[in-house]
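All remarks here apply to the structure that follows.
Order of listing sets the numbers, starting from 1, for every ligand and every atom in it.
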Amino acid sequence: MANTILVGAQWGDEGKGKIIDVLTEQADVVVRTQGGNNAGHTVHIGGQKYVLHLVPSGILRKKKVCVIANGVVVDPVSLVKEIEGLSKLGIKTIGSLFLSETAHLVLPYHRELDSQREILKGKNKIGTTKRGIGPAYGDKAARTGLRVLDLINPERFKKQLAWKLKENNEILKAFGAKPLSFKQVHGAYREAGDFLKPYVTNTVILLHEALRRGDDILFEGAQGTFLDIDHGTYPFVTSSNTTAGGACTGSGVAPHRMDRVVGVMKAYTTRVGEGPLPTENAEIADMLHAMGREFGATTGRPRRCGWFDSVATRHACMVNGIDELAVTNLDGLDTVAAIRVCIGYRADGKQFDYVPNDIEILGRCQPVYAEFPGWETPTHDARKWNDLPARARSYLKAIAELTGARLTIASVGPGREQTIFV
Ligand code: IMP
Ligand code: MG
(Lines give C-alpha, C1' and ligand atoms only; values in the text may rest on other atoms or scores of the structure.)
(Ligands and ions follow the chains in the order given, each with its own letter.)
Protein backbone atom coordinates (compact mmCIF):
# COMPACT_ATOMS: atom_id res chain seq x y z
CA MET A 1 0.00 0.00 0.00
CA ALA A 2 3.01 2.31 0.52
CA ASN A 3 2.95 5.48 2.59
CA THR A 4 -0.40 7.19 2.41
CA ILE A 5 -1.63 10.58 3.58
CA LEU A 6 -5.35 10.67 4.15
CA VAL A 7 -7.04 14.07 4.31
CA GLY A 8 -10.53 15.48 4.55
CA ALA A 9 -11.46 17.29 1.32
CA GLN A 10 -14.26 19.40 2.81
CA TRP A 11 -15.00 20.91 6.26
CA GLY A 12 -14.23 17.84 8.37
CA ASP A 13 -16.47 14.90 9.26
CA GLU A 14 -16.11 13.44 5.78
CA GLY A 15 -16.16 9.93 7.24
CA LYS A 16 -12.40 9.68 7.53
CA GLY A 17 -12.56 7.42 10.61
CA LYS A 18 -14.22 4.64 8.68
CA ILE A 19 -11.98 4.96 5.60
CA ILE A 20 -8.89 4.99 7.84
CA ASP A 21 -10.15 1.86 9.53
CA VAL A 22 -10.61 0.17 6.15
CA LEU A 23 -7.20 1.27 4.80
CA THR A 24 -5.50 0.34 8.05
CA GLU A 25 -5.97 -3.30 7.21
CA GLN A 26 -3.03 -2.93 4.81
CA ALA A 27 -0.93 -0.56 6.94
CA ASP A 28 1.64 -1.37 9.62
CA VAL A 29 1.75 2.03 11.29
CA VAL A 30 -1.02 4.63 11.70
CA VAL A 31 -0.10 8.20 12.66
CA ARG A 32 -2.03 11.27 13.83
CA THR A 33 -0.07 14.38 12.90
CA GLN A 34 -2.22 17.42 13.75
CA GLY A 35 -5.23 18.64 15.70
CA GLY A 36 -6.23 17.36 19.09
CA ASN A 37 -9.30 16.04 20.81
CA ASN A 38 -11.43 18.44 18.78
CA ALA A 39 -11.49 15.55 16.29
CA GLY A 40 -14.07 12.81 16.56
CA HIS A 41 -13.58 9.76 14.38
CA THR A 42 -16.50 7.36 14.47
CA VAL A 43 -15.92 3.73 13.58
CA HIS A 44 -18.56 0.97 13.64
CA ILE A 45 -17.34 -2.61 13.98
CA GLY A 46 -19.76 -5.49 14.34
CA GLY A 47 -22.51 -3.38 15.89
CA GLN A 48 -20.11 -1.66 18.32
CA LYS A 49 -19.57 2.07 17.87
CA TYR A 50 -16.21 3.62 18.76
CA VAL A 51 -15.57 7.37 18.83
CA LEU A 52 -11.87 8.21 18.86
CA HIS A 53 -10.54 11.70 19.55
CA LEU A 54 -6.76 11.47 19.92
CA VAL A 55 -5.90 7.80 19.50
CA PRO A 56 -5.41 6.80 15.83
CA SER A 57 -8.24 4.64 14.47
CA GLY A 58 -5.65 1.91 13.77
CA ILE A 59 -5.94 0.91 17.42
CA LEU A 60 -9.10 -1.03 16.55
CA ARG A 61 -7.09 -3.57 14.56
CA LYS A 62 -4.59 -5.98 16.07
CA LYS A 63 -0.83 -5.60 15.62
CA LYS A 64 -0.86 -2.03 14.31
CA VAL A 65 1.58 0.51 15.65
CA CYS A 66 -0.31 3.74 16.45
CA VAL A 67 1.48 7.04 16.85
CA ILE A 68 0.37 10.40 18.20
CA ALA A 69 3.09 12.47 16.56
CA ASN A 70 4.71 15.82 17.32
CA GLY A 71 2.18 17.95 15.42
CA VAL A 72 -0.74 16.95 17.63
CA VAL A 73 -1.79 18.96 20.69
CA VAL A 74 -2.55 16.57 23.52
CA ASP A 75 -4.78 17.05 26.52
CA PRO A 76 -3.18 14.43 28.79
CA VAL A 77 -6.22 14.01 31.06
CA SER A 78 -8.50 13.47 28.09
CA LEU A 79 -6.03 11.02 26.49
CA VAL A 80 -5.95 8.96 29.69
CA LYS A 81 -9.77 8.80 29.65
CA GLU A 82 -9.74 7.66 26.05
CA ILE A 83 -7.15 4.94 26.76
CA GLU A 84 -9.16 3.76 29.76
CA GLY A 85 -12.34 3.68 27.66
CA LEU A 86 -10.59 1.54 25.05
CA SER A 87 -9.26 -0.74 27.75
CA LYS A 88 -12.81 -1.30 29.07
CA LEU A 89 -13.75 -2.45 25.57
CA GLY A 90 -10.89 -4.94 25.67
CA ILE A 91 -8.54 -2.95 23.44
CA LYS A 92 -4.91 -3.04 24.45
CA THR A 93 -2.83 0.10 23.94
CA ILE A 94 0.42 -0.51 25.79
CA GLY A 95 3.08 -1.59 23.29
CA SER A 96 0.98 -0.45 20.33
CA LEU A 97 0.29 3.22 21.11
CA PHE A 98 3.17 5.73 21.16
CA LEU A 99 3.07 9.40 22.13
CA SER A 100 5.61 11.96 20.89
CA GLU A 101 7.81 13.65 23.48
CA THR A 102 7.54 16.90 21.61
CA ALA A 103 3.77 17.08 21.18
CA HIS A 104 2.42 20.20 22.87
CA LEU A 105 0.05 19.99 25.82
CA VAL A 106 -3.46 21.34 26.08
CA LEU A 107 -4.00 22.56 29.64
CA PRO A 108 -7.14 23.76 31.43
CA TYR A 109 -6.30 27.43 30.85
CA HIS A 110 -6.33 26.78 27.09
CA ARG A 111 -9.86 25.39 27.33
CA GLU A 112 -10.97 28.26 29.53
CA LEU A 113 -9.41 30.86 27.18
CA ASP A 114 -11.04 29.16 24.18
CA SER A 115 -14.47 29.53 25.85
CA GLN A 116 -13.87 33.09 27.04
CA ARG A 117 -12.72 34.29 23.60
CA GLU A 118 -15.81 32.76 22.02
CA ILE A 119 -18.06 34.53 24.55
CA LEU A 120 -16.31 37.83 23.88
CA LYS A 121 -16.74 37.41 20.11
CA GLY A 122 -20.50 37.05 20.56
CA LYS A 123 -22.24 36.63 17.23
CA ASN A 124 -18.86 36.59 15.47
CA LYS A 125 -17.81 33.47 17.32
CA ILE A 126 -15.98 30.69 15.45
CA GLY A 127 -18.07 27.92 16.95
CA THR A 128 -15.03 26.02 18.26
CA THR A 129 -15.24 22.68 20.04
CA LYS A 130 -14.00 24.52 23.19
CA ARG A 131 -11.24 21.95 23.63
CA GLY A 132 -8.54 24.63 23.93
CA ILE A 133 -7.02 23.85 20.54
CA GLY A 134 -6.49 27.44 19.33
CA PRO A 135 -4.86 28.72 22.54
CA ALA A 136 -2.62 25.61 22.74
CA TYR A 137 -1.31 26.08 19.19
CA GLY A 138 -1.04 29.80 20.01
CA ASP A 139 1.34 29.01 22.86
CA LYS A 140 3.29 26.66 20.60
CA ALA A 141 3.80 29.42 18.01
CA ALA A 142 4.59 31.96 20.73
CA ARG A 143 7.20 29.54 22.12
CA THR A 144 5.54 29.51 25.51
CA GLY A 145 3.96 26.06 25.34
CA LEU A 146 4.60 23.01 27.50
CA ARG A 147 5.31 19.67 25.86
CA VAL A 148 4.94 16.00 26.73
CA LEU A 149 8.60 15.84 27.77
CA ASP A 150 7.92 18.59 30.30
CA LEU A 151 4.88 16.74 31.65
CA ILE A 152 6.87 13.60 32.44
CA ASN A 153 9.63 15.55 34.20
CA PRO A 154 8.01 16.28 37.61
CA GLU A 155 10.41 19.02 38.74
CA ARG A 156 10.35 20.89 35.49
CA PHE A 157 6.58 20.53 35.05
CA LYS A 158 5.94 21.96 38.50
CA LYS A 159 8.05 25.05 37.84
CA GLN A 160 6.73 25.66 34.33
CA LEU A 161 3.11 25.12 35.29
CA ALA A 162 3.40 27.54 38.20
CA TRP A 163 4.69 30.22 35.85
CA LYS A 164 2.09 29.48 33.15
CA LEU A 165 -0.78 29.56 35.64
CA LYS A 166 0.41 32.86 37.04
CA GLU A 167 0.33 34.42 33.58
CA ASN A 168 -2.91 32.80 32.45
CA ASN A 169 -4.78 33.47 35.66
CA GLU A 170 -4.12 37.19 35.11
CA ILE A 171 -5.60 36.89 31.64
CA LEU A 172 -8.59 34.90 32.89
CA LYS A 173 -9.23 37.52 35.57
CA ALA A 174 -9.21 40.22 32.90
CA PHE A 175 -11.93 38.23 31.09
CA GLY A 176 -13.90 38.16 34.34
CA ALA A 177 -13.39 34.38 34.60
CA LYS A 178 -12.36 32.38 37.64
CA PRO A 179 -8.63 31.74 38.06
CA LEU A 180 -7.47 28.11 38.15
CA SER A 181 -6.03 26.40 41.21
CA PHE A 182 -2.40 25.31 40.84
CA LYS A 183 -2.93 22.43 43.25
CA GLN A 184 -5.85 20.98 41.30
CA VAL A 185 -4.33 21.35 37.85
CA HIS A 186 -0.93 20.13 38.99
CA GLY A 187 -2.42 17.09 40.74
CA ALA A 188 -4.58 15.99 37.82
CA TYR A 189 -1.94 16.57 35.14
CA ARG A 190 0.94 14.98 37.07
CA GLU A 191 -1.22 11.91 37.58
CA ALA A 192 -1.95 11.81 33.84
CA GLY A 193 1.79 12.26 33.19
CA ASP A 194 2.63 9.18 35.25
CA PHE A 195 -0.06 7.18 33.49
CA LEU A 196 1.17 8.24 30.03
CA LYS A 197 4.92 7.88 30.66
CA PRO A 198 5.16 4.30 29.32
CA TYR A 199 3.67 5.47 26.01
CA VAL A 200 6.07 8.38 25.52
CA THR A 201 8.91 8.08 23.02
CA ASN A 202 10.86 9.81 20.26
CA THR A 203 8.33 9.16 17.50
CA VAL A 204 10.55 10.61 14.74
CA ILE A 205 13.10 7.87 15.39
CA LEU A 206 10.32 5.28 15.69
CA LEU A 207 8.81 6.30 12.33
CA HIS A 208 12.17 6.30 10.55
CA GLU A 209 12.94 2.82 11.89
CA ALA A 210 9.58 1.75 10.48
CA LEU A 211 10.47 3.33 7.12
CA ARG A 212 13.80 1.47 7.04
CA ARG A 213 11.98 -1.80 7.71
CA GLY A 214 9.78 -1.03 4.72
CA ASP A 215 6.63 -0.69 6.82
CA ASP A 216 3.58 0.93 5.25
CA ILE A 217 2.54 4.06 7.09
CA LEU A 218 -0.89 5.67 7.04
CA PHE A 219 -1.04 9.32 8.08
CA GLU A 220 -4.56 9.97 9.27
CA GLY A 221 -5.72 13.53 8.88
CA ALA A 222 -8.19 15.17 11.22
CA GLN A 223 -10.67 17.96 10.34
CA GLY A 224 -10.72 19.00 6.69
CA THR A 225 -9.11 21.17 4.02
CA PHE A 226 -11.34 24.22 4.58
CA LEU A 227 -10.57 24.17 8.30
CA ASP A 228 -6.82 24.45 7.57
CA ILE A 229 -5.17 27.40 9.31
CA ASP A 230 -3.55 28.52 6.00
CA HIS A 231 -5.92 27.22 3.32
CA GLY A 232 -9.29 27.28 5.07
CA THR A 233 -11.96 29.92 5.50
CA TYR A 234 -9.90 31.94 8.00
CA PRO A 235 -10.69 32.83 10.78
CA PHE A 236 -13.40 30.14 10.77
CA VAL A 237 -10.81 27.38 10.84
CA THR A 238 -8.99 25.18 13.29
CA SER A 239 -5.44 26.00 14.34
CA SER A 240 -3.42 23.32 12.54
CA ASN A 241 -2.48 22.41 8.97
CA THR A 242 -5.14 19.88 8.08
CA THR A 243 -3.87 19.65 4.49
CA ALA A 244 -1.37 17.06 3.25
CA GLY A 245 1.77 19.06 4.16
CA GLY A 246 0.77 18.89 7.82
CA ALA A 247 1.47 15.15 7.75
CA CYS A 248 5.16 15.88 7.03
CA THR A 249 5.76 18.67 9.54
CA GLY A 250 3.56 16.94 12.09
CA SER A 251 5.56 13.70 11.97
CA GLY A 252 9.09 14.38 10.75
CA VAL A 253 8.65 12.23 7.64
CA ALA A 254 9.85 14.01 4.49
CA PRO A 255 7.52 14.81 1.57
CA HIS A 256 9.31 12.56 -0.95
CA ARG A 257 8.77 9.53 1.31
CA MET A 258 5.02 9.88 0.81
CA ASP A 259 3.57 7.77 -1.99
CA ARG A 260 -0.02 8.88 -2.33
CA VAL A 261 -2.68 11.21 -0.98
CA VAL A 262 -6.22 9.97 -0.48
CA GLY A 263 -8.95 12.59 -0.16
CA VAL A 264 -12.13 11.72 1.67
CA MET A 265 -15.35 13.56 0.91
CA LYS A 266 -19.04 13.12 1.51
CA ALA A 267 -21.46 12.76 -1.39
CA TYR A 268 -22.85 16.06 -0.08
CA THR A 269 -21.39 18.79 2.19
CA THR A 270 -21.49 19.39 5.94
CA ARG A 271 -19.90 21.79 8.39
CA VAL A 272 -20.03 22.28 12.17
CA GLY A 273 -19.39 25.70 13.62
CA GLU A 274 -19.66 29.10 11.96
CA GLY A 275 -18.23 30.42 8.70
CA PRO A 276 -19.23 30.43 5.03
CA LEU A 277 -20.79 27.35 3.42
CA PRO A 278 -21.88 28.31 -0.10
CA THR A 279 -24.10 25.29 -0.84
CA GLU A 280 -25.87 25.27 2.55
CA ASN A 281 -29.47 24.16 2.14
CA ALA A 282 -32.18 23.86 4.79
CA GLU A 283 -34.14 21.15 3.00
CA ILE A 284 -31.23 18.73 2.73
CA ALA A 285 -30.27 19.52 6.35
CA ASP A 286 -33.80 18.69 7.58
CA MET A 287 -33.85 15.51 5.54
CA LEU A 288 -30.48 14.26 6.87
CA HIS A 289 -31.24 15.21 10.48
CA ALA A 290 -34.61 13.44 10.26
CA MET A 291 -32.70 10.32 9.20
CA GLY A 292 -30.71 10.70 12.46
CA ARG A 293 -27.57 11.62 10.53
CA GLU A 294 -25.16 14.52 10.78
CA PHE A 295 -24.76 15.22 14.46
CA GLY A 296 -21.18 16.05 15.59
CA ALA A 297 -19.15 13.16 17.07
CA THR A 298 -17.33 15.43 19.53
CA THR A 299 -19.96 18.00 20.51
CA GLY A 300 -23.25 16.40 19.38
CA ARG A 301 -24.14 19.62 17.54
CA PRO A 302 -26.33 19.22 14.44
CA ARG A 303 -24.09 19.76 11.42
CA ARG A 304 -24.96 22.30 8.76
CA CYS A 305 -25.65 20.54 5.45
CA GLY A 306 -25.62 21.38 1.76
CA TRP A 307 -25.19 20.03 -1.73
CA PHE A 308 -21.89 18.70 -3.03
CA ASP A 309 -19.54 21.58 -3.86
CA SER A 310 -17.15 20.65 -6.65
CA VAL A 311 -15.51 24.10 -6.64
CA ALA A 312 -14.40 23.40 -3.08
CA THR A 313 -13.35 19.78 -3.63
CA ARG A 314 -11.38 20.73 -6.76
CA HIS A 315 -9.53 23.30 -4.68
CA ALA A 316 -8.90 20.64 -2.02
CA CYS A 317 -7.53 18.33 -4.69
CA MET A 318 -5.10 21.03 -5.74
CA VAL A 319 -3.69 22.02 -2.34
CA ASN A 320 -3.45 18.43 -1.07
CA GLY A 321 -2.32 16.78 -4.30
CA ILE A 322 -5.13 14.25 -3.96
CA ASP A 323 -4.51 11.18 -6.16
CA GLU A 324 -7.44 9.07 -5.06
CA LEU A 325 -10.91 9.87 -3.84
CA ALA A 326 -13.04 8.10 -1.30
CA VAL A 327 -16.68 9.22 -1.42
CA THR A 328 -18.66 8.46 1.73
CA ASN A 329 -22.30 8.70 2.84
CA LEU A 330 -23.64 7.99 -0.63
CA ASP A 331 -26.65 6.38 1.07
CA GLY A 332 -27.54 9.79 2.55
CA LEU A 333 -28.86 10.75 -0.89
CA ASP A 334 -30.88 7.55 -1.44
CA THR A 335 -34.24 9.31 -1.18
CA VAL A 336 -33.48 12.49 -3.11
CA ALA A 337 -35.30 12.85 -6.45
CA ALA A 338 -33.11 15.57 -7.97
CA ILE A 339 -29.55 15.96 -6.70
CA ARG A 340 -27.70 19.23 -7.13
CA VAL A 341 -23.97 19.73 -7.49
CA CYS A 342 -22.31 23.13 -7.30
CA ILE A 343 -20.12 23.71 -10.37
CA GLY A 344 -19.30 27.40 -9.91
CA TYR A 345 -19.99 30.46 -7.74
CA ARG A 346 -21.43 33.84 -8.64
CA ALA A 347 -20.84 36.95 -6.55
CA ASP A 348 -20.71 40.70 -7.21
CA GLY A 349 -21.47 40.15 -10.89
CA LYS A 350 -18.46 37.85 -11.25
CA GLN A 351 -18.20 34.11 -11.84
CA PHE A 352 -15.72 32.07 -9.76
CA ASP A 353 -14.36 28.63 -10.57
CA TYR A 354 -12.14 28.66 -7.47
CA VAL A 355 -12.70 29.44 -3.78
CA PRO A 356 -12.16 33.18 -3.15
CA ASN A 357 -9.89 33.90 -0.18
CA ASP A 358 -11.94 36.80 1.15
CA ILE A 359 -14.61 35.15 3.26
CA GLU A 360 -16.89 38.17 2.83
CA ILE A 361 -16.90 37.45 -0.91
CA LEU A 362 -17.23 33.72 -0.27
CA GLY A 363 -20.15 34.50 2.03
CA ARG A 364 -21.90 36.31 -0.84
CA CYS A 365 -21.24 33.53 -3.35
CA GLN A 366 -24.33 31.99 -4.91
CA PRO A 367 -23.77 28.47 -6.18
CA VAL A 368 -24.32 27.61 -9.82
CA TYR A 369 -25.84 24.14 -9.87
CA ALA A 370 -25.96 21.18 -12.21
CA GLU A 371 -28.75 18.71 -11.54
CA PHE A 372 -28.55 14.92 -11.50
CA PRO A 373 -31.49 12.51 -11.36
CA GLY A 374 -31.63 10.65 -8.04
CA TRP A 375 -31.58 6.83 -7.88
CA GLU A 376 -34.29 6.72 -5.17
CA THR A 377 -33.24 3.22 -4.12
CA PRO A 378 -31.48 2.11 -0.94
CA THR A 379 -27.77 1.55 -1.58
CA HIS A 380 -26.57 0.32 1.82
CA ASP A 381 -26.53 -3.34 0.73
CA ALA A 382 -24.30 -2.68 -2.30
CA ARG A 383 -20.89 -4.36 -1.99
CA LYS A 384 -19.59 -4.05 -5.54
CA TRP A 385 -19.58 -1.23 -8.07
CA ASN A 386 -22.15 -3.01 -10.21
CA ASP A 387 -24.50 -3.45 -7.22
CA LEU A 388 -25.02 0.32 -7.24
CA PRO A 389 -27.94 1.80 -9.23
CA ALA A 390 -26.78 3.17 -12.61
CA ARG A 391 -27.75 6.71 -11.55
CA ALA A 392 -25.64 6.44 -8.39
CA ARG A 393 -22.67 5.30 -10.48
CA SER A 394 -23.13 8.24 -12.86
CA TYR A 395 -23.36 10.64 -9.94
CA LEU A 396 -20.15 9.29 -8.36
CA LYS A 397 -18.31 9.41 -11.69
CA ALA A 398 -19.47 12.98 -12.26
CA ILE A 399 -18.38 14.32 -8.86
CA ALA A 400 -15.00 12.58 -9.15
CA GLU A 401 -14.49 14.05 -12.61
CA LEU A 402 -15.47 17.54 -11.43
CA THR A 403 -13.07 17.17 -8.50
CA GLY A 404 -10.27 16.03 -10.79
CA ALA A 405 -9.15 12.85 -9.05
CA ARG A 406 -9.60 9.10 -9.42
CA LEU A 407 -12.49 7.53 -7.51
CA THR A 408 -11.26 4.43 -5.69
CA ILE A 409 -13.67 3.96 -2.78
CA ALA A 410 -17.40 4.53 -2.33
CA SER A 411 -18.99 4.03 1.07
CA VAL A 412 -22.67 3.24 1.56
CA GLY A 413 -22.87 2.99 5.34
CA PRO A 414 -20.85 3.04 8.53
CA GLY A 415 -19.88 -0.67 8.52
CA ARG A 416 -16.52 -1.98 7.31
CA GLU A 417 -18.37 -4.22 4.86
CA GLN A 418 -20.30 -1.28 3.38
CA THR A 419 -17.27 -0.28 1.34
CA ILE A 420 -17.01 -0.54 -2.43
CA PHE A 421 -13.59 -0.58 -4.05
CA VAL A 422 -13.87 0.89 -7.51
P1 IMP B 1 -11.50 24.15 17.13
O2 IMP B 1 -10.69 23.20 16.32
O3 IMP B 1 -12.16 23.51 18.33
O4 IMP B 1 -10.76 25.39 17.48
O5 IMP B 1 -12.73 24.63 16.23
C6 IMP B 1 -12.55 25.45 15.08
C7 IMP B 1 -13.53 25.08 13.98
O8 IMP B 1 -13.21 23.79 13.49
C9 IMP B 1 -14.99 24.98 14.44
O10 IMP B 1 -15.81 25.37 13.35
C11 IMP B 1 -15.17 23.51 14.72
O12 IMP B 1 -16.51 23.11 14.63
C13 IMP B 1 -14.32 22.92 13.61
N14 IMP B 1 -13.80 21.58 13.93
C15 IMP B 1 -12.79 21.26 14.77
N16 IMP B 1 -12.57 19.95 14.78
C17 IMP B 1 -13.45 19.40 13.93
C18 IMP B 1 -13.68 18.07 13.48
O19 IMP B 1 -13.01 17.11 13.87
N20 IMP B 1 -14.68 17.90 12.57
C21 IMP B 1 -15.39 18.96 12.09
N22 IMP B 1 -15.20 20.21 12.48
C23 IMP B 1 -14.23 20.44 13.38
MG1 MG C 1 -15.43 14.10 13.00
Taking R393 for its side chain and L388 for its backbone only, find out whether a donor-acceptor pair lies under 3.5 Å. yes
Report yes or no: does R32 contribute a side-chain atom to a donor-acceptor pair with the main-chain N or O of V55 at less than 3.5 Å? no
Aromatic contact, H289 with F295 (centres under 6.0 Å): yes
Could you tell me if the ring centre of W375 sits under 6.0 Å from that of Y395? yes
Nearest heavy-atom approach of V72 to G36 is CG1-CA, 4.3 Å
May I ask you to check whether T243 and D228 show a side-chain donor-acceptor distance below 3.5 Å? yes
Can you tell me which residues line ligand 1 if we count any heavy atom under 4.0 angstrom from one of its atoms, in chain and number order? W11, D13, N38, A39, G40, I126, G127, T128, T129, Q223, L227, V237, T238, V272, G273, R301
Side chains of H41 and V51 in contact at under 4.5 Å (non-hydrogen atoms): no
Side-chain touch R147/L105, heavy atoms, less than 4.5 angstrom: no
May I ask you to decide if the ring planes of Y354 and F352 are parallel, tilted or perpendicular, using 30° and 60° as cut-offs? perpendicular
Anything protein N/O/S under 2.8 Å from the Mg ion (ligand 2)? Just list residue and atom, please. D13 OD1, G40 O
